[in-house]
Amino acid sequence: MKLSHLCVLGLSALLFWGCANRYSSSVLIERGEGRKEFEREYFVTKESMGIDKHLKDVFKQGYIEEGMTTDMVNLLWGPPDNENAEGTVWEYRTREGELIVKLFWKKPDVARLKGYEEELVLDKIEGDRYGGSEPPANKHSSNYE
């Protein structure tokens, strides 16, 4: 009986450790729900009204770009490791604490739709704009299919 309990505890610990590593991965696409292409397709189809077509295309490829919303980046890369009180600066870091990328957010000049006036959009990227991924081979390919 004790051996089976030990095995269950060991398996649980390994599972927990494996999940925790994904969320502290230095390849940021591995942290977000949008690492799978169907999640990105769903967002573009159902939840991206008023977003520029170019940004939708970049998003579907699994990359971020200035002008994207916080929802888009959060879906691709997961929640930030550090965020200022106003939510206008996000930092993604390695498990060791080294900065991967810093994102600066602002309110858009014109809201994409009525009701989205308070939505923040990506203004500036400092650091690795690809979040540890390889740069895109071309604008029509994806590294995450």
Side-chain angles (χ1 to χ4, degrees), residues 6-145:
L6 244 147
C7 289
V8 168
L9 284 173
L11 233 50
S12 298
L14 282 174
L15 182 63
F16 177 76
W17 183 76
C19 291
N21 277 343
R22 188 181 101 215
Y23 289 106
S24 62
S25 172
S26 60
V27 178
L28 297 180
I29 192 77
E30 293 175 3
R31 297 185 188 188
E33 294 299 318
R35 66 189 171 280
K36 295 187 173 74
E37 190 169 358
F38 70 87
E39 295 286 351
R40 298 190 304 267
E41 280 291 334
Y42 178 83
F43 180 88
V44 167
T45 304
K46 300 290 184 186
E47 300 179 31
S48 67
M49 290 178 54
I51 294 175
D52 180 76
K53 183 186 178 332
H54 169 74
L55 290 177
K56 290 180 188 180
D57 291 342
V58 172
F59 175 80
K60 286 194 311 191
Q61 293 176 42
Y63 297 100
I64 68 165
E65 190 169 294
E66 290 84 350
M68 287 187 173
T69 67
T70 54
D71 288 342
M72 295 171 87
V73 174
N74 196 15
L75 186 70
L76 286 177
W77 287 0
D81 297 315
N82 295 321
E83 178 179 355
N84 72 350
E86 299 83 32
T88 57
V89 179
W90 289 9
E91 292 180 346
Y92 289 91
R93 297 183 169 273
T94 63
R95 191 173 346 145
E96 294 78 28
E98 295 174 25
L99 183 67
I100 300 170
V101 66
K102 187 183 277 193
L103 306 177
F104 297 87
W105 301 91
K106 69 173 187 169
K107 289 187 182 174
D109 300 329
V110 178
R112 66 181 171 117
L113 295 171
K114 186 175 180 173
Y116 289 87
E117 292 83 9
E118 299 301 313
E119 179 178 57
L120 298 175
V121 295
L122 186 55
D123 183 42
K124 186 170 100 175
I125 302 169
E126 281 184 7
D128 183 0
R129 73 180 303 110
Y130 302 114
S133 301
E134 291 295 317
N138 66 49
K139 65 180 183 178
H140 298 294
S141 70
S142 170
N143 291 344
Y144 307 110
E145 297 182 288

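The model shown is predicted, which means the values in this text are computed figures rather than measured ones.
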Beyond-backbone contact of Asp71 with Glu47, side-chain heavy atoms, under 4.5 angstrom: no
More than 12 heavy atoms of other residues, nucleotides or ligands under 6.0 Å from OH of Tyr42: yes or no? no
d(Gln61 CD, Leu76 CG) to nearest 0.5 Å is 11.0 Å
Please examine the side chains of Lys124 and Lys102, heavy atoms only from C-beta on, and report whether any two atoms are closer than 4.5 Å. no
Just how far is it from atom NZ of Lys36 to atom CD1 of Ile29, taken to the nearest 0.5 Å? 10.5 Å
Between the main-chain N or O of Lys106 and the side-chain N or O of Asp123, is there a donor-acceptor pair closer than 3.5 Å? no
Minimum heavy-atom separation for Ser133 and Tyr63, please, with both atom names. CB-CE2, 4.5 Å
Note: Ser26 and Thr94 closest approach over all heavy atoms is CB-CG2, 4.0 Å
If you look at every heavy atom in Glu33 and Glu39, which pair is closest and at what distance? O-CG, 3.2 Å
Arg112 side chain to Ile51 main-chain N or O, any donor-acceptor pair under 3.5 Å? no
Using side-chain heavy atoms (C-beta onward) and a distance below 4.5 Å, is Arg31 in contact with Trp77? no
Given side chains that start at C-beta, do those of Ile64 and Val58 come closer than 4.5 Å, heavy atoms only? no
Calculate, to the nearest 0.5 Å, the distance between atoms CG and CZ belonging to Asp52 and Phe59 respectively. 14.0 Å
Is it the case that the side chain of Asn82 and the backbone of Glu91 share a donor-acceptor pair, with hydrogens and angles ignored and the cut-off at 3.5 Å? no
Given Trp90 and Thr70, is the side-chain contact (heavy atoms from CB on, under 4.5 Å) satisfied, shown in steps? CA-CA 10 Å; Trp90 289 9; Thr70 54; 3.9 Å; yes
Side chain to side chain, Val44 and Arg40, heavy atoms closer than 4.5 Å: no
Of all the heavy-atom pairs spanning Gly97 and Arg93, show the shortest one and how long it is. O-NH1, 2.7 Å
Please answer whether the main-chain N or O of Gly115 pairs with a side-chain N or O of Glu117 as donor and acceptor at a distance below 3.5 Å. yes
Does the side-chain contact (heavy atoms from CB on, under 4.5 Å) test come out yes or no for Lys60 and Glu37, once each step is laid out? CA-CA 7 Å; Lys60 286 194 311 191; Glu37 190 169 358; 5.9 Å; no
Is the closest side-chain heavy-atom distance between Leu120 and Lys107 below 4.5 Å? yes
Met72 CE to Phe43 CZ distance, which is reported to the nearest 0.5 Å: 5.5 Å
Roughly how far, to the nearest 0.5 Å, is CG of Leu28 from CZ of Arg129? 13.5 Å
Determine, stepwise, if the pair Val101 / Tyr130 fulfils side-chain contact (heavy atoms from CB on, under 4.5 Å). CA-CA 9 Å; Val101 66; Tyr130 302 114; over 6 Å; no
So do the side chains of Leu122 and Glu65 get within less than 4.5 Å of each other, counting heavy atoms only? no
Are Val73 and Tyr92 close enough that some pair of their side-chain heavy atoms sits under 4.5 Å apart? yes
